[in-house]
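My questions all concern the structure below.
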Amino acid sequence: MRSLLRSVALLSVVAVSPAAAFTWNVPGDAPTIAAAVDSAAAGDTVLIACGTYFEHDIPLSREITIRSTTGAPDCVTIDALGLGRVFISDIPEGDARIEGITIKGGSAVSPGPIAGWGGGMLFFGGSPTLVRCDFQGNGATVGGALALTGHGESTVIDCTFHDNIAEHGAGVLFLSATATVSGCTIYANSADSLGGGAYASLSFVTMSDCTFHGNSAPEGGG
């Protein structure tokens, strides 16, 4: 009887134990970043081999980690070629961690209520963590490289924003957002109206050890 009870208890523990996190290698396990992201479950990692990937509008809907194999942005470049954003999350569960990737050639051309937001990357809600990412050559109406909006708590660490364009917030835009930004360099971005480097409205943003230089905007400063 005791042996039977022990067996039942063991089966109960196994039944409720969470599945182990899985690492999806690109291109080993999935041919594209989008395919790996689509296959990944919460807690999984998408590990990208060094190279340039021509993809756009990769949706982020789960708490996963996406990183280059070296963890440095010169390893992996995702170039959207102006066909859309590189990454987009428009749900509250968009809590991805993105590390060591260059985000390039993004354009906020998708139709709908968030058209024109976040050329390289858009988080409409959610609490992303961005580490050692290089945003370059992206464009949008607002948030040329990156737009963070909604009621999540975003973290941006050691990222670089340069040569991005927008009407407002060419480097990064915060709208109704809470964010902590540290160790970032924001330079050579250009806005047609407000905030060449960064623009924040109705937001609580803490910045530390960041460098701004060479940004431009005709109104409201660089």
Handout entry: Joint cluster assignment, Leu47 & Phe87, ILVMFWY side-chain distance < 4.5 Å
Key =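 Per the 4.5 Å side-chain linkage, Leu47 and Phe87 are not co-clustered.
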
Problem - Same apolar cluster (I L V M F W Y, side chains within < 4.5 Å links), Val205/Phe161 - result: yes

Exercise for the section: Check for a donor-acceptor pair, side chain of Glu55 on one end and backbone N or O of Thr32 on the other, with a separation under 3.5 Å. Expected result: no

Handout entry: Side-chain donor/acceptor of Asn215 to backbone N/O of Ser190, under 3.5 Å
Key = no

Handout entry: Matching residue for Arg85 among Leu122, Ile103, Ile58 - test: side chain to side chain contact (heavy atoms under 4.5 Å, CB included)
Key = Leu122

Exercise for the section: Could you walk me through whether His56 and Val86 pass side-chain contact (heavy atoms from CB on, under 4.5 Å), step by step? Expected result: CA-CA 4 Å; His56 61 90; Val86 174; over 6 Å; no

Practice task
Please report the closest heavy-atom contact between Ser193 and Pro218, naming both atoms and the distance.
Solution key: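 What the structure gives for the nearest pair is O-CD, 3.6 Å.
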
Problem - Approximate separation, where rounding is to 0.5 Å, of Thr141 OG1 and His168 NE2 - result: 9.0 Å

Practice task
Give a yes or no on whether the backbone of Ala177 and the side-chain of Ser203 come within a donor-acceptor separation of less than 3.5 Å.
Solution key: yes

Practice task
List the atom of Ala170, the atom of Gly196, and the distance in Å for their closest heavy-atom pair.
Solution key: CB-O, 3.1 Å

Exercise for the section: May I ask you to test the Gln136-Thr102 pair for a side-chain heavy-atom distance under 4.5 Å? Expected result: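 Yes, at least one pair of side-chain atoms sits under 4.5 Å.
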
Practice task
Go through the steps to decide whether Leu175 and Ser201 satisfy the test side-chain contact (heavy atoms from CB on, under 4.5 Å), and finish with yes or no.
Solution key: CA-CA 5 Å; Leu175 178 62; Ser201 177; 3.9 Å; yes

Exercise for the section: Please lay out, stage by stage, how Thr149 and Phe123 fare under the test side-chain contact (heavy atoms from CB on, under 4.5 Å). Expected result: CA-CA 6 Å; Thr149 182; Phe123 282 89; over 6 Å; no

Problem - Within-4.5 Å side-chain heavy-atom neighbours: Ser182 and Asp209 - result: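 They are not in side-chain contact.
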
Exercise for the section: Look at the side chain of Arg67 and the backbone N and O of Ile48, then say whether any donor-acceptor pair between them is shorter than 3.5 Å. Expected result: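 No; judged by distance alone, with no hydrogens or angles, the pair does not exist.
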
Problem - SG proximity flag Cys133/Cys159, limit 2.5 angstrom - result: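 Not so, these two cysteines form no disulfide.
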
Problem - Which residues share a disulfide (SG to SG under 2.5 Å) with Cys210, sequence neighbours left out - result: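 Cys210 satisfies disulfide (SG to SG under 2.5 Å) with no residue once adjacent residues are dropped.
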
Exercise for the section: Nearest 0.5 Å please: distance from the OG atom of Ser107 over to the CD1 atom of Ile165. Expected result: 8.5 Å

Practice task
May I ask whether Tyr53 and Val46 are part of the same hydrophobic cluster, defined by side-chain heavy atoms of I, L, V, M, F, W, Y residues being less than 4.5 angstrom apart, directly or through others?
Solution key: yes

Practice task
Taking all non-hydrogen atoms of both residues into account, name the closest pair between Ala108 and Ala140 and its distance.
Solution key: CB-CB, 3.8 Å

Exercise for the section: Determine whether Phe54 and Lys104 make a side-chain contact, defined as any pair of heavy atoms from C-beta on separated by less than 4.5 Å. Expected result: no

Handout entry: Between CZ on residue Phe212 and CD1 on residue Ile186, distance to nearest 0.5 Å
Key =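 Nearest 0.5 Å value for the CZ-CD1 distance: 3.5 Å.
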
Exercise for the section: For the residue pair Phe124 and Trp117, categorise the inter-ring angle as parallel (less than 30°), tilted (30 to 60°) or perpendicular (more than 60°). Expected result: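 If you compare the ring of Phe124 with that of Trp117, the planes turn out perpendicular.
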
Exercise for the section: Hey, could you give me each pair passing side-chain hydrogen bond (donor to acceptor under 3.5 Å, both in side chains) that has a residue in residues 153-164? Not counting sequence neighbours. Expected result: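 For residues 153-164: Asp134-His162, Asn138-Asn164, Asn164-Asn189.
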
Completion exercise
dist Ile88:CD1 -> Asp90:CG (nearest 0.5 Å) comes out at 5.0 Å

Problem - Side-chain touch Leu130/Ile157, heavy atoms, less than 4.5 angstrom - result: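 The answer is no, as the side chains (C-beta and beyond) never meet within the 4.5 Å cut-off.
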
Practice task
Looking only at non-hydrogen atoms, find the nearest pair between Phe22 and Asp44 and report the distance.
Solution key: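 That closest heavy-atom pairing would be N-OD1, 2.8 Å.
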
Exercise for the section: State, yes or no, whether a side-chain contact exists between Ile101 and Pro73 at a heavy-atom distance under 4.5 Å. Expected result: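 Of all side-chain heavy-atom pairs linking Pro73 with Ile101, none is under 4.5 Å.
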
Practice task
Write down the atom of Gly100, the atom of Ser68, and the distance for their closest heavy-atom approach.
Solution key: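 Taking every non-hydrogen atom into account, O-OG, 2.7 Å.
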
Handout entry: Phe174: ring pair (Phe, Tyr, Trp, His ring centres under 6.0 Å) partners, not counting sequence neighbours
Key =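 Once residues adjacent in sequence are excluded, Phe174 has no partner under the ring pair (Phe, Tyr, Trp, His ring centres under 6.0 Å) criterion.
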
Exercise for the section: Treat each ILVMFWY residue as a node, draw an edge where side-chain heavy atoms are under 4.5 Å apart, and state whether Tyr187 and Phe135 are in one component. Expected result: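 Different clusters.
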
Exercise for the section: Tell me whether Met121 is reachable from Ile33 by hopping between hydrophobic residues (I, L, V, M, F, W, Y) whose side-chain heavy atoms are closer than 4.5 Å. Expected result: yes

Problem - Donor-acceptor pair, side chain of Arg132 and main chain of Ile98, under 3.5 angstrom - result: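 No, because the side chain of Arg132 does not come within donor-acceptor range (under 3.5 Å) of the backbone of Ile98.
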
Completion exercise
All heavy atoms of Gly106 vs all of Ala80, minimum pair found to be CA-CB, 3.9 Å

Problem - Matching residue for Pro128 among Val156, Leu146, Leu60, Leu148 - test: side chain to side chain contact (heavy atoms under 4.5 Å, CB included) - result: Leu148

Practice task
Taking Ser39 for its side chain and Val37 for its backbone only, find out whether a donor-acceptor pair lies under 3.5 Å.
Solution key: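 No, because the side chain of Ser39 does not come within donor-acceptor range (under 3.5 Å) of the backbone of Val37.
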
